A.B. asks: 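Here it is: the structure, laid out below.
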Amino acid sequence: MIQVKNLTKYYNNFCAVDGINLEIKKGEILGLLGPNGAGKTTTLRMLTGFFKPTSGDILVKDLSISEDSLKIKELMGYLPESAPLYHNMLVFDYLCYVAKVRGIKKEKIPSRLKELSDLCGLSDIMHQSVDELSKGLKQRVGLAHAMMNDPEILILDEPTSGLDPNQIAEIREIIKRIGKEKTIVFSTHILSEAEATCDRIVIINKGKIVADDTTQKLKNRAASGSSINLSLYDADPDDVVKLLRTIAPDIEVLKKEPVEKGVASFEIQSSTSKDFRKQIYLKIKETNWSIAQLTRESQTLESIFHELTKGN
Amino acid sequence: MKQIINIAAKEFRDYFISPIAYIVISLFLVVTGWFFFSTFFLFDTADMRNFFSMLPIIFSFIIPAVTMRLFSEEMNVGSYEILLTMPVSFTDIAVGKFMAALLFSACMLLPTVSYPIFISFIGDVDAGPVIGGYLGATLLAGAFCSIGIFASSLTRNQIVAFIIGAAICFTLTILDQILFFIPSAITDVIAFLGADSHFQSISKGVIDSRDILYFLSVIFMGLFGTYLVMQEKN
């Protein structure tokens with residue numbers, strides 16, 4: 001459906017997007033993740049044709065964005081970040097205008113607006129001026145705008161930012177519902193959201209793709225590594241490290257900043273999924289140290305995200 | 001073409017949703033009405049010459065105020081992104097906004113048509129100069145609208161857009177009065193670039209293709225400049 005080839009964007013000398021390659025299949029819900037300033041919005045803006053790439057190309061259904069950008073824009077619906085709408089118009093007038101520009105036939109406009117207002121919950125605010133709306137309501141109007149001509153591809157830039165938990169749930173529900181037939185690309189920095197709605201997650205950092213996998217595989221990858229948090233009373237940190245290394249060769253013991261006085265804290269990482277808590281306990285039992293904390297943390301999507309986007 | 005009409009219709013409606021339209025139109029009518037009628041009875045001639053002779057100066061401040069928001073506001077609010085990601089071309093946008101501004105200027109001029117009608121009750125009005133005057137005023141408004149839109153596309157600050165637009169329009173208007181300072185070798189060329197002389201010759205009722213061509217090319221250059229700026233920002 002969408003092929004992104006070696007996409008690069010420079011702002012003067014600053015490289016915002018650095019050679020991204022991506023293929024998005026029909027009917028996929030793709031989540032674009034990354035820290036602030038990673039290049040998510042820039043990538044989406046290039047996908048929608050708002051920005052021209054410095055180099056590289058985007059093909060949508062074999063149409064190149066540099067040549068057929070108008071045809072591509074007809075296939076796409078786009079919700080920009082923070083839904084910047086015309087603030088002096090009424091919601092109804094605004095949606096009518098969008099419908100006309102989107103080429104919906106005059107006699108079909110009322111029925112289409114009715115459908116969208118039911119889908120996005122707009123029926124109460126149709127005759128309010130856009131600048132009287134709260135952020136969440138604007139976001140919904142923006143969503144209706146994006147879905148106006150029932151586009152094959154929906155591009156949503158942080159669709160749930162600034163919404164309350166109920167609205168977030170609603171928008172996710174809408175994304176999942178329409179995602180059954182449509183290709184959706186959306187950006188977010190809420191990981192649980194990506195986990196809950198996406199088929200596939202792409203993590204970008206400093207303009208480069210650092211992970212690109214199905215949500216399930218990424219989660220499996222996350223579960224494979226684990227770490228153990230250990231805190232001890234009356235222990236000399238160096239002795240502890242020496243002792244624990246004898247348990248297994250492939251574990252790594254890191255000293256952490258002590259949280260309390262007289263307590264030495266460590267993080268024990270292992271690349272295998274084996275649980276070492278029992279061995280650690282038995283070893284410590286032989287000494288005169290006492291345990292303040294011994295917990296195992298399996299790596300979550302969060303820690304993967306953190307690891308991949310480190311040094312930002 | 002359909003998209004041009006859609007955009008023009010939206011922008012034109014926008015003028016009348018906000019108070020700008022009413023303020024600008026009343027300001028224009030008060031200023032022109034006062035300057036025209038304060039001396040009208042002293043001259044004791046039933047024509048509109050005084051009215052048309054001051055139009056270029058008034059337009060060079062009023063029209064940039066009309067056009068300043070067309071691009072600047074969209075870029076400031078961010079709705080520019082929405083506009084550009086809809087299936088409309090740069091040309092549709094530039095021409096659509098231009099049509100809206102021109103139509104608005106025509107609405108502003110419309111009430112002044114009552115002046116020649118009232119004057120015709122008290123004296124014989126020569127229809128030629130009046131018709132020529134309104135034709136010239138429309139062309140002049142078009143040229144200034146196109147310059148104002150160009151200025152608006154340059155910046156997201158409406159005040160800056162107004163000042164740039166007014167500066168260009170005002171320079172074009174007074175160009176043939178500052179020929180005195182210009183080396184004599186190029187005075188002919190500079191004189192031809194001034195908007196005022198072209199406008200005055202049309203408003204005498206002499207419709208010369210050179211004058212019409214002048215205004216049409218200013219309109220074209222303004223819109224083409226806007227197109228280039230949009231492409232550059234993309």
Side-chain angles (χ1 to χ4, degrees), chain A residues 9 11 41-42 44-54 65-66 68-90 93-106 129-131 138 141-142 145-146 148-149 151 153-157, chain B residues 1-24 66 68-97 99-100 104 152-153 156 158 227-234:
Chain A
K9 176 78 184 177
Y11 294 120
T41 298
T42 308
L44 294 185
R45 281 181 169 174
M46 284 192 281
L47 275 177
T48 55
F50 179 55
F51 280 166
K52 253 193 202 124
T54 310
I65 200 136
S66 50
D68 295 299
S69 90
L70 273 190
K71 275 187 200 154
I72 291 179
K73 282 173 188 173
E74 275 168 26
L75 296 172
M76 278 186 184
Y78 175 47
L79 169 69
E81 202 178 353
S82 77
L85 310 168
Y86 293 105
H87 54 84
N88 51 1
M89 290 175 101
L90 300 181
D93 289 345
Y94 172 70
L95 291 176
C96 276
Y97 163 64
V98 174
K100 276 184 208 147
V101 174
R102 284 281 179 189
I104 291 174
K105 287 198 187 79
K106 217 170 183 177
S129 153
V130 169
D131 56 1
K138 271 189 197 164
V141 177
H145 152 101
M148 184 56 78
N149 60 335
I153 303 165
L154 260 182
I155 298 196
L156 312 169
D157 196 354
Chain B
M1 191 61 207
K2 235 183 96 208
Q3 300 292 36
I4 293 179
I5 295 170
N6 282 335
I7 290 174
K10 184 229 154 228
E11 295 294 345
F12 186 66
R13 275 188 63 173
D14 259 10
Y15 277 122
F16 290 94
I17 291 173
S18 62
I20 310 172
Y22 307 102
I23 295 172
V24 169
V66 170
M68 66 182 182
R69 50 169 284 277
L70 286 173
F71 277 94
S72 304
E73 193 181 30
E74 296 228 30
M75 288 193 268
N76 202 17
V77 175
S79 55
Y80 192 56
E81 193 173 349
I82 281 186
L83 183 63
L84 279 199
T85 49
M86 289 205 278
V88 289
S89 67
F90 291 164
T91 321
D92 294 339
I93 296 171
V95 177
K97 285 179 185 278
M99 297 302 273
F104 179 79
S152 181
S153 72
R156 53 169 56 197
Q158 294 193 37
Y227 175 84
L228 291 180
V229 172
M230 287 170 80
Q231 204 162 44
E232 184 59 35
K233 290 212 162 145
N234 181 233

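Keep in mind that what you see is a predicted model, and the values were worked out from it rather than measured. Each chain gets a letter, A, B and so on, in the order the sequences are listed, and its residues count up from 1.
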A.B. asks: As an exercise, state the distance from CD of B:E81 to OG1 of A:T41, rounded to the nearest 0.5 Å.
C.D. replies: 8.0 Å
A.B. asks: Can you check side-chain contact (heavy atoms from CB on, under 4.5 Å) on B:K10 and A:Y86, steps first, answer last?
C.D. replies: CA-CA 11 Å; B:K10 184 229 154 228; A:Y86 293 105; 3.4 Å; yes
A.B. asks: Output the option from A:T48, A:V101, A:L70 having the highest count of non-hydrogen pairs under 4.5 Å with chain B.
C.D. replies: A:V101
A.B. asks: What part of A:Y78 gets within 4.5 angstrom of chain B, counting heavy atoms only: side chain, backbone, both, or neither?
C.D. replies: side chain
A.B. asks: Between B:I82 and A:P84, which heavy-atom pair has the shortest distance, and what is it?
C.D. replies: CD1-O, 3.0 Å
A.B. asks: Counting only heavy atoms from other residues, nucleotides and ligands, does the tally under 6.0 Å from NZ of B:K233 exceed 12?
C.D. replies: yes
A.B. asks: Using non-hydrogen atoms and a 4.5 Å limit, figure out which bit of B:Q3 sits close to chain A: side chain, backbone, both or neither.
C.D. replies: side chain
A.B. asks: Which heavy-atom pair separates B:K2 from A:G103 by the least distance, and what is that distance?
C.D. replies: NZ-CA, 4.5 Å
A.B. asks: Do you know the tightest heavy-atom contact between A:Y97 and B:I7?
C.D. replies: OH-CG1, 4.0 Å
A.B. asks: Counting N and O atoms only, with roles assigned by atom type, does the side chain of A:K73 sit under 3.5 Å from a partner on the main chain of B:L84, one being a donor and the other an acceptor?
C.D. replies: yes
A.B. asks: Rounded to the nearest 0.5 Å, how far does CD1 of A:I72 lie from OG1 of B:T85?
C.D. replies: 13.0 Å
A.B. asks: Please report the interatomic distance CE(A:M89) to CZ(B:R13), rounded to the nearest 0.5 Å.
C.D. replies: 6.5 Å
A.B. asks: Relative to chain B, which segment of A:D93 carries a heavy atom at a distance below 4.5 Å: side chain, backbone, both, or neither?
C.D. replies: side chain
A.B. asks: With B:M86 as reference, evaluate A:H145, A:E74, A:M148, A:M76 under the side chain to side chain contact (heavy atoms under 4.5 Å, CB included) test and give the passing residue.
C.D. replies: A:H145
A.B. asks: Count the heavy atoms of every other residue, nucleotide or ligand shown that sit under 6.0 Å from CD of B:E232, and state whether that count exceeds 12.
C.D. replies: no
